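Since the structure is predicted, the reported quantities are computational estimates derived from the model, not experimental observations.
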Amino acid sequence: MTDEQARQRIEAAIAQFGQHAAMAIELVINEVRSDRGHEAANQLIDEFDLELQYNITPYESGFSNV
């Protein structure tokens, strides 16, 4: 998924679901993380202010979920 495709999907989710778009946005972010890595996903999170708006937090390298 390109940056532009991800942006379009995030914008479409926000337009369609408004404040309830978190699940749809998380799917896009997870796909970006899988395809292009954590840095690309974090850039989108910052660009759209997803942490504040939808509680979608950036991935912090150096930490493990295990």
Are the side chains of [Y] and [X] in contact, using a 4.5 Å heavy-atom criterion?
{"X": "Gln53", "Y": "Ile14", "result": "no"}
{"X": "Val28", "Y": "Gln5", "result": "no"}
{"X": "Ile10", "Y": "Glu47", "result": "no"}
{"X": "Glu31", "Y": "Leu27", "result": "no"}

Show the nearest heavy-atom pair for residues [X] and [Y], with the distance to one decimal.
{"X": "Ala13", "Y": "Ala24", "answer": "CB-CB, 3.8 Å"}
{"X": "Val32", "Y": "Ala41", "answer": "CG1-N, 3.7 Å"}
{"X": "Thr57", "Y": "Arg33", "answer": "O-NH2, 3.2 Å"}

Under the side chain to side chain contact (heavy atoms under 4.5 Å, CB included) criterion, do Leu50 and Glu26 qualify, and how do the steps go?
CA-CA 10 Å; Leu50 299 177; Glu26 284 183 12; over 6 Å; no
As an exercise, state the distance from [atom1] of [X] to [atom2] of [Y], rounded to the nearest 0.5 Å.
{"X": "Phe48", "Y": "Ile29", "atom1": "CZ", "atom2": "CD1", "value": "8.5 Å"}
{"X": "Ile56", "Y": "Glu51", "atom1": "CD1", "atom2": "CD", "value": "10.0 Å"}
{"X": "Glu4", "Y": "Arg9", "atom1": "CD", "atom2": "CZ", "value": "13.0 Å"}

Tell me whether Asn42 contacts the main-chain N or O of Pro58 through its side chain, where contact means a donor paired with an acceptor under 3.5 Å.
no
Under 4.5 Å between side-chain heavy atoms, hopping through other hydrophobics if needed: is there a path connecting Met1 to Leu44?
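Same cluster: Met1 reaches Leu44 through Ile, Leu, Val, Met, Phe, Trp or Tyr contacts under 4.5 Å.
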If you count every heavy atom of other residues, nucleotides or ligands that lies below 6.0 Å from Asn55 atom CG, does the total exceed 12?
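No, the 6.0 Å shell around CG holds no more than 12 heavy atoms from other groups.
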Yes or no on side chain to side chain contact (heavy atoms under 4.5 Å, CB included) for Arg7 and Thr2, after CA distance, side-chain angles and deciding distance?
CA-CA 9 Å; Arg7 283 184 187 97; Thr2 67; over 6 Å; no
